Every structure is written in C-alpha cells, then in structure tokens.
J.: 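My questions all concern the structure below.
Within every chain, numbering begins at 1; the chains are lettered A, B, ... in the order of the sequence lines, protein sequences first and strands thereafter. Values below: every heavy atom of this structure, side chains too, minus hydrogens, waters and symmetry copies. If you're wondering where the values come from, they're calculated on a predicted model, not measured in any experiment.
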Amino acid sequence: MERLKNPREFSFVYSKGTPSFGRYVVVSVVPTGKDVSRVGFAVSKKLGTAVTRNKVRRRLRAIVQELRNQFSPGYDVVVGAKRSAVGASFAELHEDLRCTLRKSRVWRKEAADLTGSGEEHA
RNA sequence: UGAGUGAACCAGAUGAUCGCAGAGGAGAGAUCCUUUGAGGAAAGUCCGAGCUCCGCAGGGCAGGAUGCUGGGUAACGCCCAGUGGAGGUAACUCUAAGGCUAGUGCCACAGAAAUAUACCGCCCUGGAAGUUUCCAGGGUAAGGCUGAAAAGGUGAGGUAAGAGCUCACCAGCAGUUAGGCGACUAACUGGCUAGGUAAACCCCAUCCGGAGCAAGGUCAAAUAGGAAAGGAGAGGCUGCCCGUCUCGCUUGACUUUCGGGUUGACCGCAUGAGGCUUUAGGCAACUAAGGUCCUAGAUAGAUGAUCAUCCACGACAGAACUCGGCUUAUCGGUUCACUCAGAUU
RNA sequence: GCCCCCAUCGUCUAGCGGCCUAGGACACCGCCCUUUCACGGCGAAGGCACCGGUUCAAAUCCGGUUGGGGGUA
C-alpha cells in the first residue's frame, strides 16, 4: 500500500478532506482521482513517549494491512490516533478503525458485501 | 538464622502462521530463498573527544571552565589509589576541599560596638561643691541583657583596677627536624592572636577559536535570465585590538566561459581510541603483545498481530554521524566478598 | 535530530542575599452605597515548579530533575 510521505500532502488532506470521528481514531479522506489510494499515519507527541507512539502506529499499520482490499482507489487517507488509543487493545482498535472507515467514502461497498459479516453488525 | 554494606551480571524463554527493513543470491519479470535486525540506560543533552566547514588559527585583552595529592586516558568536570574533614558500633559512605596573612565589598534586625575608633562601666591623681556628685588628666579592655558570630577557651596566680601580664591544659599560627614523590603526619621550639563570607567581586595555577551530519560534498531534472572564472585598483576580517603571510571573501573597468537558487537522488553512513579471550606489567584505574569475531543503518522513519506451553507473571523504556563518561527512570532475579547481632558445636 | 530560552497568586507582571509572612493591576468572594444592576469604597482568601547544597540567613547563588516555549531544511 502506498504511503503519504510529504508534510505538504498531510496538510493538503487536513485542509481539503472530510473527517470521520471514531472512538480511538480520526480519519480524513480526500479524493485524488489517481489509480491507487495512499495512507498516512499521524500519532501526536501528546500520546506519550516514543515507545507508546511506536506501538500505536504499528498497530494502525497492521490493521490497515489487513483491511487493504476494502480501500477503493483514488483517495488520500490520514489516520490520526486520539489519546484514548493508548489504552485500547488491538481488537478494540481494529473494530473502531473499521467502523470509522465505513463511515467515510473510501470504503468499498461491494467488498463489504463479499465478506458479509460487516453489514450485519452495523 | 536475622539485619546490613559493596561489586558484577540478566532484562522473559521456546514453537507455529501472517506481515516490515537492510545485505547477499536466483530469475526476463512478477516474485522466491538465505541471513541479520534497538538499550542498560538507546533518555536528559550536563561534560569531553573524533569528523566536517569557517582564511589550519601567532600574540594580548575580554569571556568561560576546572580547583587537596599522585597516577590513568585521545580527552574530560570521568576513573583509580591515597590525604584532610563529616557520618555510621562496623563493613563502608559522603565531600566545589586553593587563597579573606594581596586588595575591595557585605554582615539585615538586635546590640555600646560587626573589625575597631569611640560610649557606658572599673580604677588612680588633681580641682570644685560638701558626703556623694560634677569637671580635668591618665590607666584599662575583666563586665555591658543583643546576635549566627563580640579582640582564643577553662582554672590558678597577679594588680589601684585590669590585661597571655605569668603559669598548666586545650585550640590556633610560624619555624626546625624526621617520614612520605606529594597532599600530609609526628615530635620539638618560638612569639602570644589572626571574626565570617571567595557557591561576593577578585587573586593564583591549569585549560579553552566558532559552528555543528539539517556539518559538508557529488550528480540529475524542469524553470527563469542571469551567474561563474581570470582580473589593474580599493576595502574588510567570525567578541575586541595588534602583527604577519596568502589572495580565501566583498566591490570592481575589462576579457572569457556556463553556472547559481529550489526540488530530488547518492556519498558522508556503519571496521571502531570495537568486542571476547590468553599471557605479561601495575595495589588499582589501565597498558603492551598474541589469538579470534564482524554484530541495526532507516529518511513519514523498520520489531506488529494471533495461538500454544513453562515460570520469577514480565519494570523503565525505542538507534538517527560515532565514541568515552556523568545524571535521571527501573518490576524483579542471580553470583561473589565483607560487617554486626543471636543460637549451636 | 541539533541548538537555545523560560518558570513568582486564577491571569499579566515587580522584586540589590536580610526591610519579603513576596508588592501592584485585573479577576473571584464578603460587606457598604443604590429601589435594583453597573460604577465606587472597605476587607479577606489565593503564589516563589520540584529535590539537594553554599551561607547565620535563599524567590534570589550553585548543581540535578520536571514542565512549557522558540530557532534550524
């Protein structure tokens, strides 16, 4: 999966994108019209020391790797962690990020129908 | 057995599945295989260096740092061994510990007085009043309610009153001798007194140029019209001044050439004052010689998720140019040496 | 990553080692004034980031932590 790398791309997503709020994460999405979607992670220094920040970011990366097929192409996404994400377990983070992504436009509807289980819980 | 002191070490382990980063290999390619992958503090950025650039940099002033002695080290504010002082029954721990006898400043309140003159007081002589007062001259520093601190302390002699004025003990100073490389220690002798503060200015001794890998260097792309090299002459120097050399920098008539800012990639960048071990020297820190090993290297920044078993039930915490230290955080565990108390033999 | 700076009532700030049990302004609270509110007057409460050291004495001087802020492509 492509990553957002430049600080200018981050500020572009923050200013133009539409945010969706979850319990532990904030997801900002902006359409780009390209062939692939790109994801960036934002973990603030307010969350704690380098160890906790690394842990949160790695868990978010692992979850996005699992949900890679659910992303429709042509979007730039920034996943930001809230301060409550420090105490959350991996399963809680997984569920919250999945629900927050479903509220945004990047979620691929037919893929969700393919798995079938996500719609039932919502 | 209990209580304690010091030093060294470990920092969950094993297996399976899906993923991440570097290196090597195979393949036309997609991709696959092998291997490696955070710490004792990686932290704080408090010191010291390597490395790079600033004109390789001489002298002085200013500024800063260190401060018992000897040694170790590339260097240090670090380490080791000792000295003095403080604490502890002890093992042992702590210690910015040069100089107020170079000079200056300060010592609030209180107190007669805060560094030393005076005042109250005590005593002697003379005079006046006339029975305890005053004045003048002189001798004193024992006493004066305070304060953190009051011209060494205690006791005895001595005196008109007193005083290191004299004596004994203690404290402190200077000198001599002996021991030690030295800090210093011990003994003897002497003169009798020197308040505290240098983490106040300062003096003395030693050391220090500045900036920092976002240092610095190489290449490519597109864009815009300037940029670079040589160069008579002039100017100027990284806190300040002076001197010297060279033309490194700025301006610059003129000549020649294509380069500069931004963005990106690469180098710097993982073999180093390296680790482990043996022998030798040294009380030790450490050093020398031999053998052996290669052990993270990213650039939005690599270690995550799930399951199983075991136990002590997992703390503090994540490399970003690299080392040597210091400081701070830390669930617990192991080993060694030593001290004290109790019991038994 | 690197290099710096700062910390005083709720806020903004003064403060020669001793006059400091830390001063001022705004805010908060109580009382007075007013028919009531505002304005005004009086009063009270509320602080030297933390831990050690030097000194007779520390907000101040010296170390170390903690928490903020800034610069740098």
J.: Take the protein atom CG of L60(A) and the nucleotide atom C1' of G304(B), then report the distance between them rounded to whole Å.
T.: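 Rounded to the whole Å, the gap is 11 Å.
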J.: Who are the side chain to side chain contact (heavy atoms under 4.5 Å, CB included) partners of K55(A), not counting sequence neighbours?
T.: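 So K55(A) forms a side chain to side chain contact (heavy atoms under 4.5 Å, CB included) with R59(A).
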J.: Measure all distances between protein nitrogen or oxygen atoms and nitrogen or oxygen atoms of nucleotides 39-45 of chain B, and list the pairs falling under 3.5 Å.
T.:
none

J.: Could you pull out the closest heavy-atom pair between F21(A) and T100(A), with the gap in Å?
T.: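 Minimum heavy-atom separation between F21(A) and T100(A): C-CG2, 4.0 Å.
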J.: Give a yes/no on whether any side-chain N or O of R58(A) is located under 4.0 angstrom from OP1 or OP2 of U303(B).
T.: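 Yes, within the criterion.
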J.: In whole Å, what is the span from the CZ atom of R38(A) to the C1' atom of A300(B)?
T.: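 For the pair R38(A) CZ and A300(B) C1', the rounded distance is 12 Å.
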J.: Across all strands, who's sitting opposite C122(B) as a Watson-Crick or G-U wobble pair, both distances under 3.5 Å?
T.: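 The answer is G139(B), by the H-bond criterion.
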J.: Distance check, rounded to the nearest 0.5 Å: L93(A) atom CG versus I63(A) atom CD1?
T.: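 Going from CG on L93(A) over to CD1 on I63(A), the span is 5.0 Å.
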J.: Whole Å only: how far is the CZ atom of R61(A) from the P atom of U303(B)?
T.: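 About 6 Å, once rounded to whole Å.
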J.: Base, sugar-phosphate, or nothing: which does R57(A) touch, judged by heavy atoms less than 4.0 Å apart?
T.: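 Sugar-phosphate, backbone atoms only, no base.
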J.: Nearest-nucleotide wise, let me know which of R59(A) and G40(A) is further upstream toward the 5' end of RNA chain B.
T.: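 Whichever sits nearer the 5' end wins; that is G40(A).
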J.: Find the distance Q65(A):CD to A21(B):P and express it as a whole number of Å.
T.: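 The distance from CD of Q65(A) to P of A21(B) comes to 9 Å, rounded to the nearest Å.
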J.: Quickly work out the E95(A) CD to U306(B) P distance and round it to whole Å.
T.: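 After rounding, the gap between these two atoms is 15 Å.
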J.: Roughly how many Å is it from CG in N54(A) to C1' in A302(B), rounded to a whole number?
T.: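 Result: 10 Å.
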J.: Is there a Watson-Crick or G-U wobble partner for U133(B) with both distances under 3.5 Å, and if so, which one is it?
T.: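 By the stated definition (distances under 3.5 Å), A128(B) pairs with U133(B).
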J.: State the pairing partner of A151(B); accept Watson-Crick or G-U wobble contacts with both distances under 3.5 Å, and report none otherwise.
T.: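 With both distances under 3.5 Å required, A151(B) matches none.
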J.: Applying a 3.5 Å limit to both distances, which nucleotide forms a Watson-Crick or G-U wobble pair with U117(B)?
T.: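 WC or wobble partner does not exist here.
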J.: Between F41(A) (CZ) and U299(B) (C1'), how many Å, whole number?
T.: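 The answer, rounded to whole Å, is 17 Å.
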J.: On RNA chain B, does the nearest nucleotide to T52(A) precede the nearest nucleotide to A91(A) from the 5' side, or the other way round? Give the residue.
T.: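 Whichever sits nearer the 5' end wins; that is A91(A).
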J.: By the rule that syn is within 90° of 0, classify the base conformation of A194(B) as syn or anti.
T.: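 Syn conformation for A194(B).
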